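What you see is a predicted model, and the numbers here were worked out from it, not measured in a lab. Here is how names work: the chains are called A, B, and so on, in the same order as the sequence lines, proteins then strands, and each is numbered from 1. Any value given below was found using the heavy atoms of this structure, including those in side chains, with hydrogens, waters and symmetry copies removed.
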There are 2 protein chains.
Amino acid sequence: MALDPRRLLILRDVARAGSISAAARTLGWTQPAVSQHLARLERDAGAPLLLRGPGGVTPTEAGELLLRRADVVAAELHAAEEELAALTQLRAGRVRLVAFPSAAATLVPEAVGALAAAHPDVTVGLEEAEPPEALAAVASGDADLALVFGYDGPPAGLGPLVWQRLLDEAVHLVVPPGRRGPGRRGLAALAADDWIGGCVRCRTHLVECCEAAGFTPTVRHTTDDYVVVQALVARGLGVTVLPASALAAYRHPDVQVVPMASLGRRHVGLVHRPGADGVPATAALVAEVRRAARDTA
Amino acid sequence: MALDPRRLLILRDVARAGSISAAARTLGWTQPAVSQHLARLERDAGAPLLLRGPGGVTPTEAGELLLRRADVVAAELHAAEEELAALTQLRAGRVRLVAFPSAAATLVPEAVGALAAAHPDVTVGLEEAEPPEALAAVASGDADLALVFGYDGPPAGLGPLVWQRLLDEAVHLVVPPGRRGPGRRGLAALAADDWIGGCVRCRTHLVECCEAAGFTPTVRHTTDDYVVVQALVARGLGVTVLPASALAAYRHPDVQVVPMASLGRRHVGLVHRPGADGVPATAALVAEVRRAARDTA
DNA sequence: GAGAAGGCATAACCTGAGCTTGTGGCCCTC
DNA sequence: GAGGGCCACAAGCTCAGGTTATGCCTTCTC
């Protein structure tokens, strides 16, 4: 009783061709193949669909009925293939990207700009969020791609998500002008200083590094804006740490930058759901972000 | 690249069930079966359609696209099955019947009336036509069923059409009141009479019978109305032949009816295109006509 | 009318699509 | 860390769905 939609399309071909043999020729099949499909369809339908006459075949009332439906099915199928082709050829599509703020200011504009230039009909939605929220957005399906970072490895809480490393960068100590470096004592030399913290994740890393050096930092100021941070440091209001890319993007002329291995390295990467890198629009954006990362490295 | 509509429906089942395993359970299949169908569909589509996450699966942009189309396809299929069921259960349908005039006055009303009573939603279109035109109508597809007759066998020119014999009837000589019968001389005794002819086919048969008896009849009057014919005969305006059923339907009190084997027999039957007797509505009407013929015989 | 041509169905065969079972990996939950 | 749910992958087996071969039908042509 259940109709096979493929046979509906075959019925349509036969009706258009006017005979079973003619339909077989257009399908590149033999006549019995088509004949058997029709016989099966008629059995499933419970009524004759075509009357076999000399020189061809004419639909019955039931046949006409199915032909009307088959036309709709064929149209839907064709439209689906068209839309699908648009997606795979990047003539359509949408990517929802979540990125952490400093990336949004550097990598993202370059990548999104390049994608828009190459494929103007692919739309990119950008949202700023720190790694934990970004991961949640991707995991829940609210975003397709997240630009996130972690210290000394991928961020925690990846779950089933896929991590694609983009670049590692050093984390530097940033101190006011004229201030002497920490020397061999390392971070411990700054135990008494006021500290400027960034986002939650960065501050956590900062605190961990300090505690590894034997003290708990006094975090007096908090901002994740690396321009603001440097302005505060330049005025002597505190010390901080900044990843190399933030300093590459903007470097206040007065601050001192001190490389320190004990501050670890920041790992920047893309995160998406497994398989999402097969989605054409997402893959294209991933490629552009990777290119941008390679260019800035 | 060509999408298999069956897999589209499977995709739909999976999306509705929320996971491949759940869809497999509702389909009564195993999980790998569904998994393979999806893999093939994604290959044909050229893009991932579902992202596999923990606890189930969520459609991609391409997947959503196909799901919308699949909904339409499923709706069409369902509607087609509904309409088909209506046809096979005689809750809908149409039969176009062509019948020769005297049948239209006797068999047809009974049969069509019975069909209408049993299946009020099946519509019957009736048209009157003599056998040759009736056969042409069926052959060309303008009619589904024809009630026709032939003398001493099925009518000529059947071609590929199917003949279903309904009944045979005697053909009687009809002469004015008081007139002596033909006796052993047979038809030849009426060589000098005026004859009343019916339709073309009937007159042809009349002429053939007379010529077999050695003369060519003078056909003075022509009408295919058996009431009119008998009125003419009753007034002594001519002689004629009439099939038994015409005389059973109406018998003028004054005419004499003389059975004559040499007038042959008239064969009444149904004609349809091969396979048309499988069409539910047509089959139902055929059955009613046969019943009516059996009852009148 | 005999033959050729074109249509369809049927039968028998054979390959591969599409099921199955079995297994392993991954994630989450308890 | 044991258990359960999800998935993909691999290998096997069965039958759907092709094929070729054949026969019958009607129509057209000479």
Kindly say whether the aromatic ring centers of B/W29 and B/H37 come within a distance under 6.0 Å.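 So the answer is yes for these two rings.
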
Out of C/dG18, D/dG18, C/dG22, which nucleotide sits closest to the side chain of B/R7?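 Comparing C/dG18, D/dG18, C/dG22 against the side chain of B/R7, the answer is C/dG18.
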
Look at the side chain of B/P54 and decide which nucleotide, out of C/dC28, C/dC19, D/dT26, has an atom nearest to it.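 Taking heavy atoms from C-beta onward, the closest nucleotide is C/dC28.
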
Please work out if [X] contacts a base, only the sugar-phosphate, or nothing of the nucleic acid, heavy-atom cut-off 4.0 Å.
{"X": "B/R25", "result": "sugar-phosphate"}
{"X": "B/P274", "result": "nothing"}
{"X": "A/G53", "result": "nothing"}

Closest contact, heavy atoms only, [X] versus [Y]:
{"X": "A/A92", "Y": "A/V122", "result": "O-CG2, 3.7 Å"}
{"X": "B/A85", "Y": "B/R91", "result": "C-NH2, 3.7 Å"}
{"X": "A/F100", "Y": "A/L147", "result": "CD2-O, 3.0 Å"}

In terms of the nearest nucleotide of DNA chain D, which residue is placed more toward the 5' end: B/S19 or B/G159?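 Per heavy-atom nearest nucleotide, the more 5' residue is B/S19.
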
Can you work out whether B/R6 or B/G56 has the more 5'-proximal nearest nucleotide on DNA chain D?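 Closest to the 5' end, via its nearest nucleotide, is B/G56.
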
Length of the line joining [X]:[atom1] and [N]:[atom2], which is rounded to integer Å:
{"X": "B/I20", "N": "D/dC9", "atom1": "CD1", "atom2": "P", "result": "11 Å"}
{"X": "A/L9", "N": "D/dG17", "atom1": "CG", "atom2": "P", "result": "14 Å"}
{"X": "B/R43", "N": "C/dG18", "atom1": "CZ", "atom2": "C1'", "result": "14 Å"}
{"X": "A/D4", "N": "D/dG17", "atom1": "CG", "atom2": "P", "result": "7 Å"}
{"X": "A/W29", "N": "C/dT15", "atom1": "CH2", "atom2": "C1'", "result": "15 Å"}
{"X": "A/R40", "N": "D/dG18", "atom1": "CZ", "atom2": "P", "result": "12 Å"}
{"X": "A/L51", "N": "C/dA9", "atom1": "CG", "atom2": "P", "result": "11 Å"}
{"X": "A/L158", "N": "C/dC26", "atom1": "CG", "atom2": "P", "result": "15 Å"}

Does the base of D/dT20 carry an N or O that pairs as donor and acceptor with the side chain of A/Q31 under 3.5 Å?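 No, the side chain and the base share no sub-3.5 Å donor-acceptor pair.
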
For [N], does either OP1 or OP2 sit under 4.0 Å from a side-chain N or O belonging to [X]?
{"X": "B/R52", "N": "D/dC6", "answer": "no"}
{"X": "B/H37", "N": "C/dA17", "answer": "no"}
{"X": "B/S21", "N": "D/dC7", "answer": "yes"}
{"X": "A/S35", "N": "C/dC8", "answer": "no"}

Hey, are A/Q164 and A/R290 close enough side-chain-wise for a donor-acceptor pair under 3.5 Å?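 Side chains of A/R290 and A/Q164: pair found under 3.5 Å.
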
